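Everything quoted here is computed from the prediction, not taken from an experiment.
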Amino acid sequence: MEPEDLPRRGRIVGREHRFPVRVFFEDTDLSGVVYHANYLRYMERARSDMLAVAGIDQRGSWESGEGVYVVADLSIRYLRSARLDDALIVVTTLKRIGAASVTIHQRVMLDGEILTDATVLAAFVEAGGGRPKRQPRHWLTIFEGLLEE
């Protein structure tokens, strides 16, 4: 596979992760605007990409039985709708790091305007049982470097 054939990744700029999203026809509803649940998909992709870009191997953690992140709480506010073919940016910042969780702030933006604003509490849990457990220490070190001041 050629490098230009690989899926596009987001990037970390300062303490923000910026993830590009293009709105496709399948993302829209009958009125031509992005269906509300698709913003959650965009934000999930951005969170997963942020971890990968930062050097955190979620899949490896799951496969080794170490643990996995789950959304424990979510607060979202829809401010304006995106439309077909809009070029969006999902901006992700870390707000707080706990022993077994991380609080994440995400904004879906179009040309500098916030369309959707959300706060997500992601809990690290056991791979099999789903009970909360401490995040790997080296991950906490990575998060500390991304924590919004």
How many angstroms lie between OG in Ser75 and CG in Leu121, if you round to the nearest 0.5 Å? 11.5 Å
Is there side-chain contact between Met43 and Ile76, with at least one heavy-atom pair below 4.5 Å? yes
Please report the closest heavy-atom contact between Ala100 and Gln135, naming both atoms and the distance. C-NE2, 3.8 Å
Counting distance only, does the side-chain N/O of Asn38 pair as donor-acceptor with the main-chain N or O of Asp27 below 3.5 Å? yes
For the OH atom of Tyr78 and the OG1 atom of Thr116, what is their distance to the nearest 0.5 Å? 6.5 Å
Partner residues of Arg83 under the side chain to side chain donor-acceptor pair (under 3.5 Å) criterion, sequence neighbours left out: none
Apply side-chain hydrogen bond (donor to acceptor under 3.5 Å, both in side chains) to residues Thr92 and Gln106 and explain how you reach the verdict. CA-CA 5 Å; Thr92 304; Gln106 293 188 284; 3.0 Å; yes
Within the 4.5 Å heavy-atom criterion, are Leu94 and Val102 side-chain neighbours or not? yes
Residues 31-45 vs salt bridge (Lys or Arg N to Asp or Glu O under 4.0 Å), sequence neighbours excluded, gives Glu44-Arg47
Salt-bridged, Arg59 to Glu66, with N to O below 4.0 Å? no
Nearest heavy atoms of Ile97 and Glu144, plus distance in Å: CD1-N, 3.6 Å
Taking all non-hydrogen atoms of both residues into account, name the closest pair between Leu74 and Ala118 and its distance. CD1-CB, 4.3 Å
What residues join Trp62 in its hydrophobic cluster, counting side-chain heavy atom gaps under 4.5 Å, either direct or through other members? Val68, Val70, Val125
Contact between Tyr69 and Leu51 at the side-chain level, heavy atoms closer than 4.5 Å - yes or no? yes
Which atom names give the shortest non-hydrogen contact between Arg134 and Phe124, and what distance separates them? O-CD2, 3.5 Å
Heavy atoms of Ala54 and Leu146 approach each other most closely as CB-CD1, 4.2 Å
Hey, could you give me the CZ/CG distance between Phe24 and Asp85, rounded to the nearest 0.5 Å? 8.5 Å
Straight-line distance of Met109 CE to Ile114 CD1, nearest 0.5 Å: 5.0 Å
Pair listing, salt bridge (Lys or Arg N to Asp or Glu O under 4.0 Å) test, anchored in residues 87-97, at least two apart: Lys95-Glu148
Taking only residues two or more places apart in sequence or in another chain, which ones pass salt bridge (Lys or Arg N to Asp or Glu O under 4.0 Å) with Glu113? Arg80
Answer with yes or no whether the side chains of His36 and Asp29 bring together a donor and an acceptor at under 3.5 Å. no
Between the CG atom in Leu110 and the OG atom in Ser81, the distance rounded to the nearest 0.5 Å is 11.0 Å
Relative to the ring of Phe19, is the ring of His17 parallel (under 30°), tilted (30 to 60°) or perpendicular (over 60°)? parallel
Minimal heavy-atom distance between Val23 and Ala82, with the atoms involved, is CG2-CB, 4.3 Å
As a quick check of understanding, evaluate side-chain contact (heavy atoms from CB on, under 4.5 Å) for Ile56 and Phe143, giving each step before the final call. CA-CA 10 Å; Ile56 292 173; Phe143 289 157; 3.5 Å; yes
Using a 4.5 Å cut-off on heavy atoms from C-beta on, say whether the side chain of Val21 contacts that of Ile89. no
Kindly indicate whether the side chain of Thr28, heavy atoms from C-beta on, has any atom under 4.5 Å from the side chain of Val33. no
Below 4.5 Å, heavy atoms only, C-beta onward: do Trp139 and Ser61 meet side chain to side chain? yes
Can you name the ring pair (Phe, Tyr, Trp, His ring centres under 6.0 Å) partners of Tyr35, sequence neighbours left out? none
Min side-chain heavy-atom separation Leu115-Leu88 under 4.5 Å: yes
